[in-house]
Protein chains: 2
Amino acid sequence: MTLRVALVDDEPLIRRGLAAVVGSEPDMAVVGEAGDGTGVLDLVGRTSPDVVLMDVRMPRVDGIAATRALVRAGSAARVLVLTTFANDDHVFEALAAGADGFLLKRSSPEEVLHGIRTVARGESLLFPDAVRELARRHARSTGSTGDPGLDRLTPREQEVLRLMAAGLSNAEMADRLVVGVETVRSHVAAVLAKTGARDRTQAVVLAYRSGFMPV
Amino acid sequence: MTLRVALVDDEPLIRRGLAAVVGSEPDMAVVGEAGDGTGVLDLVGRTSPDVVLMDVRMPRVDGIAATRALVRAGSAARVLVLTTFANDDHVFEALAAGADGFLLKRSSPEEVLHGIRTVARGESLLFPDAVRELARRHARSTGSTGDPGLDRLTPREQEVLRLMAAGLSNAEMADRLVVGVETVRSHVAAVLAKTGARDRTQAVVLAYRSGFMPV
DNA sequence: CCGCTGCTCCCCCGCGCGGGGGATCCGCCT
DNA sequence: AGGCGGATCCCCCGCGCGGGGGAGCAGCGG
């Protein structure tokens, strides 16, 4: 009985690499591929894979949403999520969405194959680092403020954070937004209060680390 | 006459994908692979490739430094740099280092092959977006300072920048580094002077945008 | 109608930060 | 021997920033 694998990644090179790795195994076969999450539900329905290798970051419909859709549809396919960093925010969202495991993109072919077999057996695959991070966040959220909560910022506050993360001073932001400096100061204060950052530097760090700002 | 190609990328999957793409062409052959820039000079010397596909972001020695080393050594190999974003800072550094062209990581296999043939013919390969960005920066730099120059920072200054980009205050950094606050202030001032940043926030922005800090 | 939220602007105050100086010690290279 | 860059510590000074208040106005929903 061969293991049926579907590949969902927007980078053709990664798909080729995965296909080469999976295809080199006698008991595995690539039964379908997709470049984003839009047609995943359909793809899985047509090809009934045992394991779906799913990239988190994709245009249009990302891996998180696609995973959620699969789980809601009652699919039997196991989802192995591909991510760049082990402590990425996406990891935890994907966990909540119903992913069965994670693979770092810089994984070796052996690790990829091991990951596929692991989730195919019904086990879950997690990184020690990621689990530790999860525990850390849980402990922090039960006690105090909670998550960064960048989405709890109002549109204006998000705009201000974006400008802050571009390196602008309060005066420059006021100029850009055509408002008074006092107004900017209020927004900055709100951003700091909501994010728990002590100063603008920490807020900027948060903006980049959380993926709020593109790198 | 077959085109000899060498692959330098720290992600095994990307290497596999490129190898599959290149290997599928009858007139191309992968003659060597490396996981970082440390052994590139040696690799090129041994395998004498026509084209080197080089990732910009790698541990230890990155693609920029490796490209610079190749050019300085008078190698005849053409360098095709792999990058994630077309307007990445690395693109311009790589240009200055002597790269012959750029490929986006999300390129299709056809684009990869076309890129290899293009640089092999001695032409250069650039993205319209990248060229426009280059023109924009040139216009801006002729008036002011120039490049970020994060690699011109001393080890201690780099350490300080890393801590700054983690959100630490001067006092916290002094505590962490077991030195006086005045010392930290000196290092911070040096970082700002060398990078052209106006304040610590801009330095942190630079650290993330340039890839100096992992996201 | 009233309350809530978001956006706008204002005051005072303390402190961390950044600019501009200088000084000492060490190790390396010439 | 002398020079030089790196790391360490010190001074004064001005200003932007952040904390803690308050207030008016629009829109939206109970």
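Treat the numbers as computed from the prediction; the structure is a model and nothing was measured. Here is how names work: the chains are called A, B, and so on, in the same order as the sequence lines, proteins then strands, and each is numbered from 1.
Between the CG atom of A:Leu168 and the P atom of D:dC17 there is a distance of 10 Å, rounded to whole Å. In this structure, the CD atom of B:Gln202 is 13 Å from the C1' atom of D:dG16, given to the nearest Å.
Considering only heavy atoms from C-beta on, B:Tyr208 comes within 4.5 Å of A:Val205 through its side chain. You'll find the side chain of B:Val5 stays beyond 4.5 Å of the side chain of B:Pro49, heavy atoms only. The side-chain heavy atoms of B:Met164 and B:Asn170, taken from C-beta on, include no pair separated by under 4.5 Å. Side chains of B:Val188 and B:Met173 form a contact here, defined as non-hydrogen atoms less than 4.5 Å apart. Annotation: side chain of B:Arg198 is in contact with side chain of A:Ser169 (closest heavy-atom distance under 4.5 Å).
In this structure, CG in B:Asp9 is found 7.0 Å from CG in B:Leu18, a value given to the nearest 0.5 Å.
A salt bridge is absent between A:Glu11 and A:Arg16: the closest approach of a Lys/Arg side-chain nitrogen to an acidic carboxylate oxygen does not fall below 4.0 angstrom.
Heavy-atom distances under 4.0 Å link DNA chain C to B:Asn170 of residues 170-178 of chain B, given in residue order.
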Give every donor-acceptor pair under 3.5 Å between a side-chain atom in residues 174-184 of chain B and any protein atom, sequence neighbours left out.
none

Short heteroatom pairs, N/O only, protein and nucleotides 19-22 of chain C, under 3.5 Å:
unit_1, atom_1, unit_2, atom_2, d
C:dG19, O6, B:Arg185, NH2, 3.0

Listing time: all N or O pairs from protein to nucleotides 24-29 of chain D that are below 3.5 Å?
none

Under-3.5 Å N/O pairs linking protein and nucleotides 4-7 of chain D:
unit_1, atom_1, unit_2, atom_2, d
D:dA7, OP1, B:Arg156, N, 3.2
D:dA7, OP2, B:Thr154, OG1, 2.5

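Judged as a side-chain hydrogen bond (donor to acceptor under 3.5 Å, both in side chains), and not counting sequence neighbours, the contacts of B:Arg156 are B:Glu159. Every residue two or more places apart in sequence or in another chain that forms a side-chain contact (heavy atoms from CB on, under 4.5 Å) with A:Val40 is listed here: A:Val8, A:Val44, A:Met54, A:Ala66, A:Leu70. Checked against side-chain hydrogen bond (donor to acceptor under 3.5 Å, both in side chains), B:Glu157 has the following partners two or more places apart in sequence or in another chain: B:Thr154, B:Lys194. Under the rule for a salt bridge (charged side-chain N to carboxylate O under 4.0 Å, His left out), the partners of A:Arg15 that lie at least two apart in sequence or sit in another chain are A:Glu33. B:Asp10 meets the side-chain hydrogen bond (donor to acceptor under 3.5 Å, both in side chains) test with no other residue; sequence neighbours excluded. Scanning for side-chain hydrogen bond (donor to acceptor under 3.5 Å, both in side chains) contacts around A:Asp42 gives A:Arg46, with sequence neighbours left out.
Of the residues A:Asp55, A:Val56, A:Leu103, the one that meets the side chain to side chain contact (heavy atoms under 4.5 Å, CB included) test with A:Val81 is A:Val56.
Defining each end axis of the helix from C:dC1-D:dG30 to C:dT30-D:dA1 as the rotation carrying four pairs' C1' atoms onto the next four, with five pairs an end, the two axes are found to diverge by 40° to 10 degrees.
If B:Asp199 and B:Val184 are placed on DNA chain D by their nearest nucleotide, the residue sitting closer to the 5' end is B:Val184.
Using a 4.0 Å heavy-atom cutoff across all strands shown, A:Val188 reaches sugar-phosphate atoms only and no base atom.
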